[in-house]
Amino acid sequence: MTTTQKLTTTAMQTLVGQLQMVGAKVRLVPIVRLIIGFEKTTKLSVPGTAIRALTLVPAKTVLDGVTLAGFQLRLATAQLPAATIDRLQATADVTSLTVITIHQTVVYHVQWSPLSDEFAANLNQFYTTTADELELATKLRRSYDWPAILRAALIPEHFETMVAALLAAKLPGHYTANDFRTYLRHQIDTMQAVSPATERSSYLLIRQIATDADRPSWESVVYHPNVAEQPLSNLETMPYAQLLALPVWVANGADFWEGLAWLLWKMAFAGVQKGQRLATIRALAD
């Protein structure tokens with residue numbers, strides 16, 4: 001089954017333009033070979049002469065290479081086997097790009113959308129084709145909409161990551177993993193039953209803050225265009241519909257699902273409105 005998303009040529013040009021504004025175009029002449037790594041299959045080797053364009057957007061350096069926030073790769077299909085072309089279009093699961101030049105080999109690890117199923121496909125990866133070229137590129141997403149977040153939160157890998165994060169936080173009280181599973185599932189179900197408001201003039205930022213305690217501390221901030229940030233100290237002041245209208249961004253360097261676990265836990269524990277808080281408490285007590 002094809003799980004890569006195909007873009008029109010115009011849409012791809014727009015996406016590539018955004019990548020090139022923040023990334024670096026790689027000089028192609030020294031490249032001897034490019035090795036493309038995947039989540040599901042073995043690596044593919046592409047000759048340097050087949051590369052028409054390569055743009056890299058670094059996120060952070062790791063011990064064995066660099067993590068990419070995004071990339072663009074344009075290839076001449078005449079220099080690629082049919083099996084390679086088919087594979088690059090089949091599934092959006094590129095995990096690494098290894099650039100081999102005459103002088104060095106550099107491994108670039110591809111950062112996936114946090115909403116992606118680790119064993120399926122990267123929701124940020126797209127492709128397009130022309131008569132003689134195949135182009136791959138990833139979107140640089142800073143924020144995500146609540147409906148997509150809540151669906152992805154129920155993927156077992158993500159759900160259990162949130163449970164583990166809450167266990168590791170050593171929250172006051174004697175909560176078990178099953179307690180956290182119950183609270184999180186109820187909170188997700190509750191939010192999925194509410195229609196978001198149409199107002200989208202701001203977004204919600206979740207970020208980790210410095211603390212002397214032995215567990216991470218988080219805060220949520222509402223950002224409005226051209227207005228100073230407004231920390232949310234009391235989520236119960238905001239109705240669900242209004243909260244669900246805010247795209248969510250977890251600050252760079254912080255784990256998306258750890259930050260979301262904190263937010264959902266705070267909402268499940270305190271509620272977002274008095275009536276909803278009481279309904280949550282009663283439901284969890286039954």
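- Within a 6.0 Å radius of CZ in Arg52, other residues, nucleotides and ligands contribute more than 12 heavy atoms.
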Go through Ile100 and Leu34 one step at a time and tell me if the side-chain contact (heavy atoms from CB on, under 4.5 Å) criterion holds.
-> CA-CA 6 Å; Ile100 303 172; Leu34 176 69; over 6 Å; no
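- At a threshold of 4.5 Å between non-hydrogen side-chain atoms, the residues Leu73 and Glu135 do not count as touching.
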Determine, stepwise, if the pair Arg87 / Thr41 fulfils side-chain hydrogen bond (donor to acceptor under 3.5 Å, both in side chains).
-> CA-CA 9 Å; Arg87 179 60 184 87; Thr41 60; 3.1 Å; yes
Begin with the C-alpha distance, continue with both residues' side-chain angles, and end with the deciding distance and a verdict on side-chain contact (heavy atoms from CB on, under 4.5 Å) for Leu136 and Phe71.
-> CA-CA 8 Å; Leu136 300 176; Phe71 74 90; 4.1 Å; yes
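- A donor-acceptor pair under 3.5 Å is formed between the side chain of Trp257 and the backbone N or O of Pro114.
- Using bins of under 30°, 30° to 60° and over 60° for the plane-to-plane angle, the ring pair Phe180/Tyr175 lands in the tilted bin.
- Cluster annotation: Tyr127 and Leu75 are assigned to the same hydrophobic cluster (Ile/Leu/Val/Met/Phe/Trp/Tyr, side-chain heavy-atom contacts under 4.5 Å, transitive).
- The main-chain N or O of Thr77 is never found under 3.5 Å from a side-chain atom of Glu133 such that the two would form a donor-acceptor pair.
- For His158 (side chain) and Ser116 (main-chain N/O), a donor-acceptor pair under 3.5 Å exists by modelled atom type.
- Hydrophobic cluster membership differs between Val32 and Ile36, with clusters built from Ile, Leu, Val, Met, Phe, Trp and Tyr side chains linked at under 4.5 angstrom.
- Of the possible donor and acceptor atoms, none in the side chain of His109 sits under 3.5 Å from a partner among the backbone N and O of Ser96.
- Counting only N and O atoms by type, the side chains of Thr176 and Asp179 include a donor and acceptor under 3.5 Å apart.
- The backbone N or O of Leu140 sits nowhere less than 3.5 Å from a side-chain atom of Asn124 that would complete a donor-acceptor pair.
- Using cut-offs of 30° and 60° for the angle between ring planes, the Tyr183 and Trp265 rings count as tilted.
- You'll find the side chain of Leu264 reaches within 4.5 Å of the side chain of Leu260, heavy atoms only.
- No donor-acceptor contact under 3.5 angstrom links the side chains of Glu258 and Thr161, judged on distance only.
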Would you please test Leu7 and Leu15 for side-chain contact (heavy atoms from CB on, under 4.5 Å) and show each step?
-> CA-CA 10 Å; Leu7 295 180; Leu15 174 55; 3.8 Å; yes
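- Checking side-chain atoms of Thr190 against main-chain N and O of His186 turns up a donor-acceptor pair under 3.5 Å.
- Separation of atoms CD (Gln72) and NZ (Lys25) is listed at 8.0 Å; rounding is to 0.5 Å.
- A donor-acceptor pair is defined here as one N or O able to donate and one able to accept, closer than 3.5 Å; no such pair exists between the side chain of Thr91 and the backbone of Asp93.
- Summarising the geometry, atom CD1 belonging to Ile35 is positioned 3.5 Å from atom OG belonging to Ser45; distances are rounded to the nearest 0.5 Å.
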